[in-house]
Amino acid sequence: MQIGKQAELVVVAPATANLLAKAAYGLADDLLTNTLLTAHCPVIMFPAMHTEMWEHPATRANVATLRDRGVLVVDPDSGRLTGFDSGPGRLPEPEAIAWIVQAALASRDLKPDLRGRHIVVSGGGTRERLDPVRHIGNRSSGRQAMSLAAAAVARGARVSLIRGDVKVPNAAGIDIVDALTADEMLDAARTLAESADAVIMAAAIADFRAETLPDAKIKKSDSSTLNLNLVHNPDVLATLVRERWGDSPLLVGFAAETGDDNGTWLEHAEAKFAAKGCDIMIANPVGHNRGFGTEHNEAVMLLGGGVTEEVPGTSKIELSHRILDTIADRLI
Ligand code: CTP
């Protein structure tokens with residue numbers, strides 16, 4: 001009784017088909033189900049079972065009942081199950097579960113306000129091939145994108161991640177589309193945008209790629225310089241803006257900027273917002289030990305019409321909730 005009353009969050013992992021059924025019907029014949037009935041806090045369940053059980057109409061109905069009641073039931077992974085079978089029903093890895101728990105705890109007032117919404121997030125850097133063994137990459141870790149994906153799952157959204165070169169573990173409950181080059185990201189973004197309510201472009205996409213791809217390694221020559229011919233990559237965000245249709249998704253961009261002789265980082269971000277034409281732009285300063293790969297981010301949200309909202313030094317997961325607050329408001 002006290003456990004449920006005092007809890008800030010209840011996490012059930014694994015949640016079996018049997019537990020889902022008992023929770024849906026409000027049974028209370030053991031400590032766990034008693035705790036669930038006395039808890040006032042958010043409840044997250046990570047189902048794990050054989051595919052047949054997960055897809056059974058009885059389980060589908062129990063999951064729907066629990067979700068209608070505000071319980072966050074995170075879709076299981078697809079993969080090897082406890083027997084020789086494989087398919088949807090696998091318990092996500094501990095790190096994947098931890099992402100969602102962390103995202104839930106970081107919310108000031110966790111609600112399934114994105115339930116029924118499809119949020120697409122791109123993240124990580126691109127890898128543009130130079131030859132069979134080399135590529136041009138960048139320092140992006142994908143942490144901001146994974147934080148956004150986890151926070152959106154915690155708020156009940158269906159989430160698709162267009163995953164570039166990501167250096168952090170995956171969050172649970174997301175659909176992943178791997179896309180390592182700008183061209184692959186554009187294909188994935190165009191396809192997913194058709195069913196999306198919002199597309200958040202957090203990926204660090206290379207602006208250039210090699211003009212030609214040799215079949216053999218580029219050899220070290222005696223010359224002291226190496227000339228590479230690079231050609232422009234497509235701009236994914238600008239393309240989505242250009243191809244907008246009637247009920248096309250909300251388009252959110254990121255501008256990671258440094259200040260220079262021509263302006264401050266924020267002035268550069270404002271110019272980029274105007275040039276890209278997206279609905280919202282998240283501007284943040286980067287530099288050595290600032291922005292890339294770190295847990296924290298400071299940002300200014302550019303909301304259009306000259307309206308801005310400052311998000312002073314905060315965790316990437318908290319920033320994600322602020323961004324999703326704005327998206328949820330716009331989607332009403
Ligand atoms: N972006 C994109 N396609 C590209 C490059 C960037 O969709 N080829 C998106 C990023 O995901 C981000 C926004 O555009 O949401 C701004 O990215 P950034 O790299 O800061 O801007 P660039 O347009 O590449 O400008 P520059 O590098 O010259 O500052």
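Whatever order the structure lists them in is the order used to number ligands and atoms, beginning at 1.
W54 places no side-chain N or O within donor-acceptor distance of the main-chain N or O of G87, the cut-off being under 3.5 Å.
For atom 3 (N) of ligand 1, the closest non-hydrogen atom of the protein is V236 N, 3.0 Å.
Nearest-residue assignment for atom 10 (C) of ligand 1 (options A238, A203, A182; heavy-atom criterion): A203. Heavy-atom proximity to atom 20 (O) of ligand 1, evaluated over M281, K272, K276, H232, is greatest for K272. The closest heavy-atom contact to atom 5 (C) of ligand 1, among the options T258, I200, D207, L186, comes from D207.
Taking 4.0 Å as the cut-off between side-chain N and carboxylate O, D279 and R244 count as a salt-bridged pair. With respect to D197 and R158, no salt bridge is recorded, no charged nitrogen being found less than 4.0 Å from a carboxylate O. For the pair D113 and R155, the salt-bridge criterion is met [side-chain N within less than 4.0 Å of a carboxylate O].
Residue contacts with ligand 1 include D235, since one of its heavy atoms falls under 4.0 Å from the ligand. Using 4.0 Å as the threshold, P234 has a heavy atom nearer than that to some atom of ligand 1.
Remark: ligand 1 and M201 share an N or O pair separated by less than 3.5 Å (distance only, no angle test).
The contact set between ligand 1 and G253, taken as ligand atoms under 4.0 Å from a residue heavy atom, comprises 15 (O). For ligand 1, the atoms closer than 4.0 angstrom to any heavy atom of F254 are 12 (C), 13 (C), 15 (O), 16 (C), 17 (O).
No more than 12 heavy atoms of other residues, nucleotides or ligands shown are found within 6.0 angstrom of CD on E310.
Every salt bridge (Lys or Arg N to Asp or Glu O under 4.0 Å) that D183 has, sequence neighbours left out, goes to R209.
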